[in-house]
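Below is one structure, written out as structure tokens; the observations come after it.
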Amino acid sequence: MSILEVKNVFVEYVSNNLLGKKRPVYAVNGVSFDVKRGEIFSIAGESGCGKSSLLRAVAGLIDVKSGEISFDGSDAEIQMVFQSPSLNPKMRIRDILIEPLIINRKGMPRKEMFEKVLEVIKHVGLSESDLDKYPHEFSGGQKQRISIARALILTPKILLADEPVSALDVSIQGQIINLLKKLRDEFNLTIVFISHDLNVIRYISDRVAIMYLGEIVEQGLTDEIFNDTKHPYSKALLSANPSSKAEHVALKGELPSPMDLPMGCKFNTRCSKAFPKCIENAPDNVYFSDTHFAKCHLLDSCLDEKAY
Ligand code: SF4
């Protein structure tokens with residue numbers, strides 16, 4: 001059962017171009033996906049592909065231009081964890097953690113609030129004695145644990161994680177990723193996770209969407225994306241990962257500006273397989289299983305009895 005549904009969402013900003021003229025930035029361009037309760041759904045793509053804008057739109061931090069974002073139950077609580085935890089340096093951890101309860105659970109007795117604080121600090125692998133400390137007394141990984149504890153204190157149903165480990169040392173990254181997996185298992189927490197690190201994505205995710213210029217170009221179970229990659233962009237992205245055994249697929253040129261989206265397939269300016277139809281028409285999703293699709297004209301001809 002889906003806890004989150006995103007339907008044909010567009011997000012646009014207005015920004016100045018190089019000549020100082022105001023222009024629309026097409027950050028998210030018709031994205032649809034759904035996420036099941038207890039699932040870890042990840043969105044991967046280069047910097048500038050629109051994944052952070054999409055996550056912020058889901059969090060309600062920015063407006064969508066059109067489309068629909070709906071949750072199972074109107075009060076499904078969402079919390080977000082960011083790349084760099086922002087913890088007030090003048091507050092003890094106890095006060096940082098209790099603050100959301102004071103603001104959002106007005107009738108809750110103080111004793112219950114303190115019990116909740118103690119419960120979450122232990123869940124993220126820190127101890128009661130840490131509650132009396134200040135943020136500067138912690139390492140980067142511990143600060144991220146505290147920011148996860150702060151996100152969990154309101155018992156959210158969905159956690160949105162925006163590059164939560166990319167500012168951490170590799171050795172610490174694994175601890176935070178394992179913590180998120182443990183929390184998913186313990187609380188049946190649903191996690192929408194974004195990262196540019198494909199090793200992290202592969203390890204943590206149940207399903208993966210690959211984004212390019214504000215569109216999902218391929219989506220599937222983690223195994224389908226990494227072991228049966230279909231889209232030319234996904235192949236290039238995955239082959240650029242140092243631990244990939246796949247033959248390297250070069251990307252031509254730079255990522256186009258989201259102010260000037262290419263006509264037809266948005267990947268056509270960088271795709272080594274592009275042909276005239278790619279400039280004339282935008283491709284539709286081609287399905288390979290009920291969970292796996294990719295958006296590419298080349299794949300149209302691959303339709304067979306397995307296709308939907
Ligand atoms: Fe490349 Fe054309 Fe497929 Fe786009 S539709 S990914 S340009 S082959």
Side-chain angles (χ1 to χ4, degrees), residues 6-12 24-33 41-54 67 194-198 201-202 205 207-241 244-308:
V6 173
K7 278 192 205 152
N8 205 21
V9 160
F10 287 77
V11 175
E12 273 182 36
V25 177
Y26 305 103
V28 178
N29 301 299
V31 164
S32 302
F33 64 88
F41 180 81
S42 292
I43 303 166
E46 291 168 281
S47 171
C49 73
K51 55 190 189 306
S52 284
S53 298
L54 178 59
I194 66 173
S195 178
H196 63 274
D197 185 329
L198 293 164
I201 293 262
R202 186 172 195 167
S205 314
R207 280 190 302 143
V208 179
I210 307 282
M211 267 186 94
Y212 183 79
L213 280 180
E215 285 185 344
I216 292 178
V217 295
E218 183 162 2
Q219 183 178 301
L221 301 174
T222 305
D223 188 48
E224 289 172 330
I225 293 293
F226 283 88
N227 293 330
D228 189 20
T229 319
K230 299 290 189 190
H231 195 279
Y233 175 65
S234 310
K235 287 183 181 176
L237 189 71
L238 267 56
S239 78
N241 188 17
S244 169
K245 295 191 180 79
E247 189 187 335
H248 181 66
V249 181
L251 276 175
K252 289 195 291 177
E254 299 291 319
L255 185 70
S257 161
M259 288 186 191
D260 294 300
L261 296 178
M263 301 293 285
C265 172
K266 294 187 177 55
F267 187 53
N268 75 58
T269 57
R270 298 171 84 195
C271 181
S272 59
K273 310 241 188 252
F275 56 106
K277 186 178 177 184
C278 306
I279 297 162
E280 290 153 16
N281 296 314
D284 292 324
N285 291 340
V286 178
Y287 281 82
F288 308 96
S289 73
D290 56 355
T291 49
H292 188 193
F293 67 80
K295 210 185 264 295
C296 170
H297 290 308
L298 275 182
L299 301 168
D300 292 346
S301 57
C302 301
L303 285 170
D304 59 20
E305 70 279 1
K306 282 196 301 179
Y308 285 72

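The figures that follow rest on heavy atoms only: side chains count, while hydrogens, waters and symmetry mates do not. Note that ligands are numbered from 1 as they come in the structure, with each ligand's atoms numbered from 1 the same way. Remember, it's a predicted structure, so these values are computed and weren't measured experimentally.
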Next item on the list: Output yes when a side-chain donor or acceptor of Ser205 lies under 3.5 Å from a complementary backbone atom of Arg202, and no otherwise.
Entry: no

Next item on the list: Give a yes or no answer on whether the side chain of Asn29 reaches the backbone of Leu213 with a donor-acceptor pair at less than 3.5 Å.
Entry: yes

Check: What is the total of protein N/O/S atoms that are closer to atom 2 (Fe) of ligand 1 than 2.8 Å?
Finding: 1

Item checked: Asp228 side chain vs Ile225 backbone, donor-acceptor pair below 3.5 Å -> no

Item checked: Residues that Arg207 engages under side-chain contact (heavy atoms from CB on, under 4.5 Å), provided they are two or more places apart -> Asp34, Lys36, Glu39, Phe41, Gln219, Leu221

Notebook entry, point to check: Counting N and O atoms only, with roles assigned by atom type, does the side chain of His297 sit under 3.5 Å from a partner on the main chain of Phe275, one being a donor and the other an acceptor?
Noted result: no

Check: If you measure from each non-hydrogen atom of His231 to ligand 1, which part falls under 4.0 Å: side chain, backbone, both or neither?
Finding: side chain

Note to self: Taking Thr229's backbone N and O only, do any of them form a donor-acceptor pair with Glu224's side chain (distance below 3.5 Å, no angle check)?
What the structure shows: no

